[in-house]
*Asks:* 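Sharing a structure below in structure tokens format, with a few things to ask.
Lettering of chains follows the sequences in order, A, B, ..., and the numbering in each one begins at 1.
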Protein chains: 2
Amino acid sequence: MPRQTKQNPERGDARTRLLEAARDVIRSQGFAATTIDDLCKTAGVTKGAFFHHFENKETLGVAAAAYWAETTSAFFAEALYHDHDDPLDRLLRYVAFRKEIIDGDLAAFTCLVGTMTQEVYLSHPAIRDACAASIFGHTATLEPDIEAALKSHEIAADWTPASLAAHTQAVLQGAFILAKATGDRTSAHDSVDHLLRYLQLLFGRTLGRNGPRAWGGHSHG
Amino acid sequence: MPRQTKQNPERGDARTRLLEAARDVIRSQGFAATTIDDLCKTAGVTKGAFFHHFENKETLGVAAAAYWAETTSAFFAEALYHDHDDPLDRLLRYVAFRKEIIDGDLAAFTCLVGTMTQEVYLSHPAIRDACAASIFGHTATLEPDIEAALKSHEIAADWTPASLAAHTQAVLQGAFILAKATGDRTSAHDSVDHLLRYLQLLFGRTLGRNGPRAWGGHSHG
DNA sequence: ATATAAATACCAACCGGTCGGTATTTATAC
DNA sequence: GTATAAATACCGACCGGTTGGTATTTATAT
């Protein structure tokens, strides 16, 4: 059986495969229930490879959170919701996009760092910090649009852009929990719809009776 | 050392003590990271007692979720937010109450069944179902007030009372995750404030510029 | 040749669960 | 009421598989 090398990179190197395995397995089983052997099996590598790349399980958790931050920020940076002139449009489109990708398998759309945070916030501060950096690094990308929307709509808010950005993540994280509890995605979709409605009410944008759908078309920015 | 009996219930029986231990330990460590020995140690009983009362670890998880449902529903049934004539007042007071109890130690205010759901939704369907029953049993208690508020405010909503009730729980669950990630409660408080603002906007209640605080006094119902 | 990457073999602690046994309470028989 | 029986509650040693982690060896790249 040939080993994976840079000259035979059919699936990438062992480190990346382990991080991808961590992303997938931890999202479906949780961090504590995931054994190192699980990860090695899923990644198709041996334990020796694991401990060559990671000092211990905690280090892998930190690296997995960092890997998650990298890949998701690249994913959202490429998304189409940025292609709008109005900052409020971009914000609403972002949330609508988040709703859209709540689709298919549960472990495919839920948040790795949100899941890990729940488990390790006391026992593994290093992982918790990496998860927090991922979450709030992402919310930070929303703040400029929120701030711009506040100004362009001439709203004197008694809340900060950062708090609203964080609130969007709270709703999403909570929606994931509801989805896991019910086993389907409708409750999560409904909750994101409430978030969308909140944003529209906040910024005084009144739309057709269909709610989010009314501006959800592909008209323009 | 005297054993605990029904005629000598100075500390309660082993079963209840194990359920209380499960509530506390699982909230701070998660389900998978909690060993049966952890629970026995915290409860002050032996492993023999554990397996006398519970078939296995999964059975304990189910029982812990059921115990959580019982105790929290009793806790909320006794709370003061019910003492208002207007159903919208009761709803807003409920959320304000939820905000108030986000205080002190993290493991003291977070939700056992939300935490467990994240970990076991695939590996232990029985526990997941018990958690779902706890969550949605609680949301069901909010629906009558939401429905009554819709009628009394003559609002034709394109959303269901059940979805709004579920949304309140999503925000709370998400707020707990943010609190665990940051290590403090301000982000959770902020998110619940956004939820309060949403409810006020939804039902067209305009209040003073202070937001939630404006109606948060102890004037009357 | 040497550093890196990865495979193999292995270990000690741990963990869920079992088991034999004891103490206490409750039900039954007379 | 009392002896007996049986159910309940609990104890703690023990077992076998698992798990995180280590030590050693082998393959590959430059």
Side-chain angles (χ1 to χ4, degrees), chain A residues 1-22 25-26 28-64 67 116 119-120 123-127, chain B residues 1-22 25-26 28-64 67 116 119-120 123-127:
Chain A
M1 178 178 289
R3 291 168 56 236
Q4 319 298 331
T5 69
K6 284 179 183 172
Q7 292 195 338
N8 183 19
E10 47 197 31
R11 290 174 59 208
D13 62 339
R15 185 186 146 89
T16 302
R17 301 224 311 276
L18 281 165
L19 290 175
E20 288 167 353
V25 178
I26 294 174
S28 63
Q29 298 186 356
F31 179 78
T34 296
T35 69
I36 293 175
D37 282 332
D38 282 341
L39 298 176
C40 294
K41 205 173 172 185
T42 302
V45 302
T46 60
K47 227 168 179 176
F50 181 97
F51 283 100
H52 173 70
H53 290 288
F54 306 103
E55 204 176 317
N56 49 38
K57 196 185 175 188
E58 185 179 48
T59 306
L60 166 102
V62 173
Y67 182 70
M116 279 205 293
E119 284 185 79
V120 304
S123 51
H124 297 283
I127 301 180
Chain B
M1 179 179 290
R3 287 173 58 240
Q4 321 301 329
T5 68
K6 283 180 184 172
Q7 291 194 340
N8 184 21
E10 48 196 31
R11 291 198 296 162
D13 63 340
R15 186 185 145 89
T16 301
R17 301 225 307 278
L18 281 166
L19 290 175
E20 288 167 353
V25 178
I26 294 175
S28 62
Q29 299 186 354
F31 179 77
T34 297
T35 68
I36 293 174
D37 282 332
D38 282 342
L39 297 177
C40 293
K41 205 174 171 184
T42 303
V45 302
T46 60
K47 225 166 182 177
F50 181 97
F51 284 99
H52 171 71
H53 289 288
F54 305 103
E55 204 177 317
N56 49 38
K57 199 185 173 187
E58 184 179 50
T59 307
L60 167 101
V62 173
Y67 183 70
M116 279 204 294
E119 283 185 80
V120 305
S123 51
H124 297 284
I127 301 179

*Asks:* Starting at atom CZ of B:F54, determine the distance to atom C1' of C:dG16, rounded to an integer number of angstrom.
*Replies:*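 That distance rounds to 15 Å.
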*Asks:* Where along residues 55-62 of chain B does a heavy atom come under 4.0 Å from DNA chain D, residue by residue in number order?
*Replies:*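 Within this stretch, nothing sits under 4.0 Å of the strand.
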*Asks:* Which residues pass the side chain to side chain contact (heavy atoms under 4.5 Å, CB included) test with A:S123, sequence neighbours left out?
*Replies:*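 Partners of A:S123 under the side chain to side chain contact (heavy atoms under 4.5 Å, CB included) test: A:V120.
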*Asks:* Is any side-chain heavy atom of A:F31 closer than 4.5 Å to one of B:E119?
*Replies:*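 No - every pair of side-chain heavy atoms lies 4.5 Å or more apart.
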*Asks:* Can you check nucleotides 14-18 of chain D for protein contacts, nitrogen or oxygen pairs under 3.5 Å, and list what you find?
*Replies:*
none

*Asks:* Which residues satisfy the ring pair (Phe, Tyr, Trp, His ring centres under 6.0 Å) test with A:F51, sequence neighbours excluded?
*Replies:*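 So A:F51 forms no ring pair (Phe, Tyr, Trp, His ring centres under 6.0 Å) with any residue.
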*Asks:* Without decimals, in angstroms, what is the distance between B:D38 CG and C:dG16 P?
*Replies:*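 My rounded result for the distance is 8 Å.
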*Asks:* Do you know the tightest heavy-atom contact between B:L60 and B:A22?
*Replies:*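 Smallest interatomic distance, heavy atoms only, reads CD2-CB, 4.2 Å.
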*Asks:* Give every residue pair that meets the side chain to side chain donor-acceptor pair (under 3.5 Å) criterion with at least one member in residues 40-55 of chain B, sequence neighbours excluded.
*Replies:*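 Applying side chain to side chain donor-acceptor pair (under 3.5 Å) to every pair that reaches into residues 40-55 of chain B, excluding sequence neighbours, yields nothing.
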*Asks:* I'd like to check the ring pair (Phe, Tyr, Trp, His ring centres under 6.0 Å) partners of B:Y67; sequence neighbours left out, ordered by chain and number.
*Replies:*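 Here no residue qualifies.
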*Asks:* Nearest whole Å is fine: how far is C:dA7 P from A:K41 NZ?
*Replies:*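 Nearest whole value for this atom pair: 16 Å.
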*Asks:* For B:H52 and A:T34, take the nucleotide of DNA chain D holding the closest heavy atom to each; which residue's nucleotide lies nearer the 5' end?
*Replies:*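 With B:H52 and A:T34 compared, the 5'-side residue is B:H52.
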*Asks:* Atom CG of A:D13 and atom P of D:dT28: how far apart are they, to the nearest Å?
*Replies:*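 Spelled out: CG on A:D13 to P on D:dT28 is 16 Å.
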*Asks:* For the side chain of A:F51, starting at C-beta, report the closest nucleotide among D:dG12, D:dG20, D:dA9.
*Replies:*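 My answer, after comparing the listed nucleotides, is D:dG20.
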*Asks:* Nearest-Å distance, CZ (A:F50) to P (D:dT22)?
*Replies:*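 Those two atoms, CZ and P, are 11 Å apart.
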*Asks:* Using heavy-atom distances to pick each residue's nearest nucleotide on DNA chain D, tell me which of A:D37 and B:H53 is more 5'.
*Replies:*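 Result: B:H53.
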